[in-house]
Amino acid sequence: MAGHVFCSDVCRERGEPLAGTGDAPERVLMLAWPRGKWRVPRWESVDMGEALKKALHDAVQSDIHLALVDKVESETDLPTLHALPENIRADFADEDAIVAAIRAYVKGTVFSGTRDPRTTILCCTDSRRDACCARHGFSTYKALVAAADPARFHVVQATHLGGCRFAASLVVMPQRQRYGRMSAGQAPAFLDALERGAVYLPAYKGRTDQPEPMQVAEIAAMGWAQDHGLDMDAVVLDAPALPHTVPEGTSLTLGAAIGSTRLAIRLSARRFLMQGNCSIVAKGGGVETMRWCLDAVQPEAAG
């Protein structure tokens, strides 16, 4: 891949922050499908019947994240379908039965199956979608599989999860946590954090369903707590009114409490050229996007 410019390298060089992009899906439907047959879009992958393609496309249009998954090192086959956050997995006799189960799930009915109590980790290795996901994703995936307790964690390689420029990209379910810029070397510490019920701060993108400034501020406060020997799970953010649109350079200070300690977290709005994948970089495209960046975390004087 001589001369290839990787979007993840460009993103790092520009200093675009990871924090504030924690947009994990609410519902995920995983369909076991051999990685070599993955295509773009994923609902048009090799050997899919027309009815299955249509059901998968409709599921995506209904705000369900549809992931094709594989697990090449597994001694047994993956279940055909796995629904999250319900953590129900099942096999089906034929494609018609798979289609019926998918369509029922879209309407809110979970198919009958076996509950899987493990935490599921989806790691994007989708080289068909972006070279960065192959470059960073597969090595991270293999490291996670090597380090994970299979009785505690279900690790799969998955099609596009979003955030290619932050590869390796991961989603943890049912906790609805998003991680990015994960490396193979971080796998043991990442799994240890999940085992303890904690987030892994070095790669954590932010709390799902919270505005970007709140995500950035919470991660900053948690990091400060960790550095000062305090419980990062005890962080409580203030809930101020947030601006909807801001010009570049706007400053914002948010407050947080960790027990009796008060923090002032200063953010500023900066504009970045967002190029979401390698093909956009190659074509010279991109979208100017305002991001909230951390400037400082300071303890407030006792009143």
Side-chain angles (χ1 to χ4, degrees), residues 8 10-26 162-163 165-166 168-172 175-183 186 189-190 192-274 276 287-303:
S8 57
V10 171
C11 182
R12 281 183 183 272
E13 290 165 3
R14 289 180 178 146
E16 184 182 352
L18 179 71
T21 57
D23 53 346
E26 184 174 357
R165 68 191 189 281
F166 296 123
S169 296
L170 289 80
V171 170
V172 177
Q175 292 88 340
R176 291 188 71 196
Q177 295 172 359
R178 290 280 318 241
Y179 293 91
R181 291 177 177 157
M182 272 282 294
S183 68
Q186 293 173 308
F190 170 71
D192 178 67
L194 296 186
E195 186 74 49
R196 292 183 284 106
V199 298
Y200 180 63
L201 279 182
Y204 185 47
K205 300 183 78 173
R207 188 182 297 274
T208 294
D209 296 334
Q210 288 294 314
E212 182 180 343
M214 301 290 282
Q215 294 183 41
V216 177
E218 182 179 45
I219 291 172
M222 292 171 77
W224 192 94
Q226 189 177 66
D227 290 344
H228 291 80
L230 300 178
D231 181 6
M232 67 181 192
D233 290 331
V235 169
V236 178
L237 289 181
D238 296 345
L242 298 172
H244 293 289
T245 58
V246 295
E248 186 170 19
T250 298
S251 293
L252 177 65
T253 299
L254 299 178
I258 312 170
S260 60
T261 301
R262 290 282 309 171
L263 299 177
I265 304 163
R266 192 171 71 251
L267 313 177
S268 61
R270 289 180 53 197
R271 191 180 301 277
F272 292 88
L273 175 61
M274 187 183 76
V287 178
E288 293 284 343
T289 304
M290 200 72 75
R291 297 294 315 281
W292 285 101
C293 302
L294 176 66
D295 289 332
V297 181
Q298 295 178 324
E300 295 180 349

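Here, residue 1 is the first one in the sequence, and each next residue gets the next number.
Here the straight-line distance linking atom OG1 of T208 with atom CD of E26 works out to 10.0 Å at 0.5 Å rounding. Taken to the nearest 0.5 Å, the CD atom of E212 stands 8.0 Å off from the SG atom of C293. Here the straight-line distance linking atom CG of L18 with atom CZ of R181 works out to 5.5 Å at 0.5 Å rounding. In this structure, the separation between CG on D295 and OG on S251 is 6.5 Å, given to the nearest 0.5 Å. Considering SG of C11 and CD of E16, their distance stands at 4.0 Å, rounded to 0.5 Å. Taking CZ of R14 as the reference point, atom CZ of R291 lies at 13.0 Å (rounded to 0.5 Å).
Residues I219 and L201 meet the side-chain proximity criterion, which asks for heavy atoms closer than 4.5 Å. Between P299 and R262, every side-chain heavy-atom pair lies at or beyond the 4.5 Å cut-off. At least one side-chain heavy atom of W224 sits under 4.5 Å from a side-chain heavy atom of I258. Between L263 and T261 there is a side-chain heavy-atom pair separated by less than 4.5 Å. P25 is listed as a side-chain neighbour of V171, based on a closest heavy-atom distance under 4.5 Å. Taking 4.5 Å as the limit, every side-chain heavy atom of T289 sits out of range of all side-chain heavy atoms of F272. Under the 4.5 Å side-chain criterion, counting only non-hydrogen atoms from C-beta, L254 is in contact with P213. Residues R178 and L170 are not in side-chain contact: their nearest non-hydrogen atoms beyond the backbone lie 4.5 Å or more apart.
A distance-only check finds a donor-acceptor pair linking the side chain of Q186 to the backbone of S183 [under 3.5 Å]. Looking at R271, its side chain never comes within 3.5 Å of a backbone N or O of M290 through a donor-acceptor pair. Although no hydrogens or angles enter the test, the distance criterion places no donor-acceptor pair under 3.5 Å between the side chain of Q177 and the main chain of V172.
Taking the charged nitrogens against the carboxylate oxygens, E248 and R270 have no contact shorter than 4.0 Å, which rules out a salt bridge.
Considering only residues two or more places apart in sequence or on other chains, F166 meets the ring-ring contact (aromatic ring centres under 6.0 Å, His included) condition with none of them.
Closest approach of A256 and I265 over heavy atoms only: CB-CD1, 4.0 Å. Minimum interatomic distance between P240 and M214 (heavy atoms only, all atoms of both residues): CD-SD, 4.4 Å. A pairwise comparison of heavy atoms in Q215 and G22 identifies OE1-N, 2.8 Å as the closest pair. When all heavy atoms are compared, the tightest approach of R176 to D209 is NH1-OD2, 3.1 Å. Listed here is the closest heavy atom pair of G162 and S169: O-OG, 3.5 Å. Contact record, A264 with T253: CB-CG2, 4.1 Å, taken as the closest heavy-atom pair.
Ring geometry, Y179 versus Y200: the interplanar angle falls from 30° to 60°, so the pair is classed tilted.
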- [ ] Tell me, with the steps shown, if W292 and T250 meet side-chain contact (heavy atoms from CB on, under 4.5 Å).
- [x] CA-CA 9 Å; W292 285 101; T250 298; 4.2 Å; yes
